[in-house]
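Working notes for the structure below.
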Amino acid sequence: MSNLMRQFQLMKHYFIASALVFIVGMVLGTWYSSQFQAFIEMQLKGLEQLTQSISDKANPQWSMFWLIFWNNAWKSIVIIGMGAFFGVLPLFFLLSNGLLLGYVMAVSAEKQSVLYVIKAILPHGIIEIPAVVFACAFGLRLGVLVLKSFSALLSQERSQKYRDEFRGFIKALGPVIIIIVVSLTAAAIIESTLTYWLVKQG
């Protein structure tokens, strides 16, 4: 537990950086979506196909839960590992998801209302978004640790220091993944029940 708390302390700046990248994506999606229209349309088409895959199911809410959970949990865990490529992919994941969310919020607010956007995103988003940012922050730190490891190859002392740091990071990943999965399970339950019901009410 002491190692996990130490890792969280070391992660402070990564959490902040990841949250800021996500916010930048939201701002771009809200006010500058025309610059990224092709990318947004491609992402929305993919989401539409996922939604259509559960529309004919006998229990669409149950199917929605599993779809949301597996999609988010799998991507979040993978993005931590993909952070090994110098943290580039977690940053792209944050930016693209923020971009898409900002666009969807802006369009929904225009076509429906701000209240509709709040009902459609806030209940589950208050858990889901921090969990995704949390996962990406760990992916980003993994990328930084890989970079540090390369830079320390010429120094035995620094190499040992970064090896110990890397070992502590890897040791913390088990509990971190559990936290992410539990959070995303809760978010998926809320999205497939409460959010689903609120959106149906209009």
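As the structure is a prediction and not an experimental result, all values here were calculated from the model.
- Judged by distance alone, with hydrogens and angles left aside, the side-chain atoms of Thr30 form a donor-acceptor pair with the main-chain N or O of Met26 at under 3.5 Å.
- The heavy-atom pair separating Cys136 from Ser18 by the smallest distance is C-OG, 4.0 Å.
- When atom types are taken as modelled, the side chain of Asn97 and the backbone of Phe93 share a donor-acceptor pair closer than 3.5 angstrom.
- Residues passing the side-chain contact (heavy atoms from CB on, under 4.5 Å) test with Ala186, sequence neighbours excluded: Ile127.
- With sequence neighbours excluded, no residue satisfies salt bridge (charged side-chain N to carboxylate O under 4.0 Å, His left out) with Glu128.
- Rounded to the nearest 0.5 angstrom, Leu101 CG and Gln43 CD are separated by 13.0 Å.
- Hydrophobic clustering, defined by side-chain heavy atoms of Ile, Leu, Val, Met, Phe, Trp and Tyr closer than 4.5 Å, groups Val182 together with Ile178.
- Two different hydrophobic clusters hold Ile16 and Leu140 under the rule that ILVMFWY side chains link at heavy-atom gaps under 4.5 Å.
- For Leu89 against Ile79, the heavy-atom pair with the smallest separation is O-CD1, 3.8 Å.
- Two different hydrophobic clusters hold Leu20 and Val144 under the rule that ILVMFWY side chains link at heavy-atom gaps under 4.5 Å.
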Should Leu198 and Tyr116 be marked as a side chain to side chain contact (heavy atoms under 4.5 Å, CB included) after you check the CA-CA gap, both sets of side-chain angles, and the distance that decides it? CA-CA 9 Å; Leu198 287 171; Tyr116 177 86; over 6 Å; no
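- From Ile189, atom CD1 reaches atom CE of Met64 across 14.0 Å, with rounding to the nearest 0.5 Å.
- Note that the CZ atom of Phe169 and the CG atom of Asn3 stand 11.0 Å from one another [nearest 0.5 Å].
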Before you tell me yes or no, could you show the steps for Arg6 and Glu165 under salt bridge (Lys or Arg N to Asp or Glu O under 4.0 Å), namely the whole-Å CA-CA distance, both residues' side-chain angles and the distance that decides it to 0.1 Å? CA-CA 11 Å; Arg6 182 173 180 275; Glu165 196 175 340; over 6 Å; no
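- Side-chain atoms of Tyr103 and Leu99, non-hydrogen and from C-beta on, never get closer than 4.5 Å to each other.
- Residues Val117 and Ser108 approach most closely at CG2-CB, 3.7 Å, considering heavy atoms.
- Phe22 has its side chain out of reach of Val132: every pair of non-hydrogen atoms, C-beta onward, lies at least 4.5 Å apart.
- For the pair Pro130 and Gly125, the tightest heavy-atom approach, listed with the atom from each and the gap, is CD-O, 3.4 Å.
- Ring orientation note: the planes of Trp66 and Trp70 are close to parallel, at an angle under 30° on the 30°/60° scale.
- A search for side chain to side chain donor-acceptor pair (under 3.5 Å) contacts involving Thr195 returns His124, not counting sequence neighbours.
- Using a 4.5 Å cut-off between side-chain heavy atoms of Ile, Leu, Val, Met, Phe, Trp and Tyr, with links allowed through other members, Ile23 and Leu91 fall into the same hydrophobic cluster.
- A pairwise comparison of heavy atoms in Gln7 and Gly168 identifies NE2-C, 3.4 Å as the closest pair.
- Taking a 6.0 Å sphere around OH of Tyr32, one finds it holds 12 or fewer heavy atoms contributed by other residues, nucleotides or ligands.
- Scanning for ring pair (Phe, Tyr, Trp, His ring centres under 6.0 Å) contacts around Phe134 gives Phe8, Phe15, Phe138, with sequence neighbours left out.
- Pairs of residues two or more places apart, or lying in two chains, that qualify as side chain to side chain donor-acceptor pair (under 3.5 Å) and include a residue from residues 166-192 are Asp164-Arg167.
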Run Val27 and Val24 through side chain to side chain contact (heavy atoms under 4.5 Å, CB included) and show every step you take. CA-CA 5 Å; Val27 170; Val24 167; 5.7 Å; no
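- Leu142 approaches Gly81 most closely through the heavy-atom pair CD2-O, 3.9 Å.
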Could you walk me through whether Ile80 and Ile180 pass the side chain to side chain contact (heavy atoms under 4.5 Å, CB included) check? CA-CA 11 Å; Ile80 294 176; Ile180 292 168; 3.7 Å; yes
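- Using a 4.5 Å heavy-atom threshold, the side chains of Leu28 and Ser33 count as separate.
- In this structure, Glu110 places its CD atom where only 12 or fewer heavy-atom neighbours from other residues, nucleotides or ligands lie under 6.0 Å away.
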Verify side chain to side chain contact (heavy atoms under 4.5 Å, CB included) between Arg141 and Leu10, making sure each step is shown before the conclusion. CA-CA 9 Å; Arg141 179 150 185 255; Leu10 292 170; 3.5 Å; yes
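- Side-chain atoms of Ile126 and Ile121, non-hydrogen and from C-beta on, never get closer than 4.5 Å to each other.
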